[in-house]
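Okay, structure first, notes after.
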Amino acid sequence: LMFSRGSNPVRLCFKSVEDRERVIEVLQGVGLGDRLDSIAGILGRIPGGRIAPCIDLTPDGVRPRVGFECYPDSQAASSRSFARSVIDGFRDSGRVDAAKAEAFLGIEGWAELDRRGGVQRTINHVKVLLEADDQVTVKGYLALNRRPTPAFGSDVDPDANDGPNLAPPD
């Protein structure tokens, strides 16, 4: 990997795995051995699922900030229930806004675009960021998929075309 002068860091996201020890081995292997206690503390709050560790690489080495992309495994009842369990694991940290979390968890649904189809909104993953100062940030990511209009009786409600209002309260 060659960096240009004055370059921004390159974000490397590793393959997601269920084995927490493997995540720790990867992060220790890239030079984050001094952060293992903090990393283990974060991993202990993430219930199940697959985790893809993400690092920022600069010409000077690996930055101390670490991201953990959290994906449901085959045992999860749904992406929403998995996302809720990850978010709930960090509510006591003071880094999760309850109203924003509930809005995110309620965002899944269907938006009709025309008579042929629309967009299905689903939760893709939750990212937990461990900053250099051990502060934690939790973020949610959506997947938007163009789909034909669902057949009558499917599990997608084509009339549920309004997502939650994410504007702050008056």
Side-chain angles (χ1 to χ4, degrees), residues 1-76 78-108 111 119-147 163-164 166:
L1 184 62
M2 180 183 282
F3 292 92
S4 63
R5 283 175 260 144
S7 63
N8 290 323
V10 173
R11 169 129 331 124
L12 298 177
C13 292
F14 295 91
K15 179 180 177 181
S16 63
V17 295
E18 292 179 27
D19 182 2
R20 303 309 195 251
E21 290 301 317
R22 182 69 185 126
V23 172
I24 289 172
E25 288 172 11
V26 166
L27 295 175
Q28 185 171 16
V30 297
L32 293 171
D34 60 329
R35 309 251 14 240
L36 293 184
D37 287 342
S38 298
I39 289 167
I42 294 296
L43 294 176
R45 290 175 166 234
I46 301 171
R50 299 179 342 266
I51 298 176
C54 303
I55 59 169
D56 292 335
L57 184 62
T58 70
D60 299 322
V62 176
R63 288 194 173 165
R65 177 180 184 209
V66 183
F68 303 93
E69 292 184 357
C70 306
Y71 298 91
D73 59 18
S74 60
Q75 306 302 314
S78 70
S79 59
R80 183 183 306 168
S81 65
F82 175 74
R84 180 178 296 282
S85 67
V86 173
I87 291 168
D88 285 349
F90 293 92
R91 284 189 193 261
D92 68 342
S93 70
R95 304 300 294 175
V96 175
D97 179 286
K100 287 181 180 180
E102 290 308 313
F104 171 70
L105 292 167
I107 195 87
E108 290 188 328
V119 174
Q120 184 175 12
R121 298 179 308 272
T122 58
I123 294 173
N124 190 61
H125 69 281
V126 174
K127 185 177 220 175
V128 179
L129 290 167
L130 176 63
E131 302 291 345
D133 62 359
D134 284 344
Q135 290 292 316
V136 175
T137 304
V138 180
K139 300 178 179 184
Y141 291 82
L142 297 177
L144 302 173
N145 296 295
R146 176 87 161 125
R147 300 271 192 249
L166 298 179

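- With sequence neighbours left out, Asp88 forms a salt bridge (Lys or Arg N to Asp or Glu O under 4.0 Å) with Arg91.
- Evaluation of the salt bridge (Lys or Arg N to Asp or Glu O under 4.0 Å) rule for Arg20 yields no partner, not counting sequence neighbours.
- By the salt bridge (Lys or Arg N to Asp or Glu O under 4.0 Å) test, Glu131 is found to be paired with Arg65, residues two or more places apart in sequence or in another chain being considered.
- Residue pairs meeting the side chain to side chain donor-acceptor pair (under 3.5 Å) criterion with at least one member in residues 30-49, sequence neighbours excluded, are Arg35-Asp134, Ser38-Asp134, Arg45-Asp92.
- The side-chain hydrogen bond (donor to acceptor under 3.5 Å, both in side chains) search around Thr122 returns none, not counting sequence neighbours.
- Shortest non-hydrogen contact noted between Val23 and Ile51 is CG2-O, 4.1 Å.
- Across Gly67 and Leu129, no two heavy atoms sit closer than the pair CA-CD2, 3.7 Å.
- For Asp73, the side-chain hydrogen bond (donor to acceptor under 3.5 Å, both in side chains) criterion is met by no residue, not counting sequence neighbours.
- Every residue meeting the ring pair (Phe, Tyr, Trp, His ring centres under 6.0 Å) condition with Tyr71, not counting sequence neighbours, appears here in chain and number order: His125.
- For the pair Pro53 and Leu27, the tightest heavy-atom approach, listed with the atom from each and the gap, is CB-CD2, 3.9 Å.
- Nearest approach of Gly48 to Phe82, heavy atoms of both residues: O-CE1, 3.7 Å.
- Arg50 meets the salt bridge (Lys or Arg N to Asp or Glu O under 4.0 Å) test with no other residue; sequence neighbours excluded.
- In terms of heavy atoms, Val96 sits closest to Ile87 at CG1-CG2, 3.7 Å.
- In this structure, the side chains of Asn8 and Asp56 stay at 4.5 Å or more apart for every pair of heavy atoms.
- Within the 4.5 Å cutoff, no side-chain heavy atoms of Phe68 are placed close to those of Val86.
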Decide salt bridge (charged side-chain N to carboxylate O under 4.0 Å, His left out) for Lys139 and Glu69; before the verdict, give the C-alpha distance in whole Å, the side-chain angles of both, and the deciding distance to 0.1 Å. CA-CA 9 Å; Lys139 300 178 179 184; Glu69 292 184 357; over 6 Å; no
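- Of the possible polar contacts, one joining the Arg121 side chain to the Ile107 backbone as a donor-acceptor pair under 3.5 Å is found.
- Between Ile24 atom CD1 and Leu32 atom CG the span is 12.0 Å, to the nearest 0.5 Å.
- Within the 4.5 Å cutoff, the side chain of Leu57 has heavy atoms near those of the Val62 side chain.
- Looking at Phe90 and Ile42, their side chains come closer than 4.5 Å, going by heavy atoms from C-beta outward.
- The side-chain hydrogen bond (donor to acceptor under 3.5 Å, both in side chains) test applied to Ser81 returns Ser78, not counting sequence neighbours.
- With sequence neighbours left out, Glu25 forms a side-chain hydrogen bond (donor to acceptor under 3.5 Å, both in side chains) with Arg22.
- Once rounded to the nearest 0.5 Å, the distance linking CD of Gln120 with CZ of Arg147 reads 5.5 Å.
- Between the CZ atom in Phe104 and the CG atom in Leu142 there is a gap of 5.5 Å [rounded to 0.5 Å].
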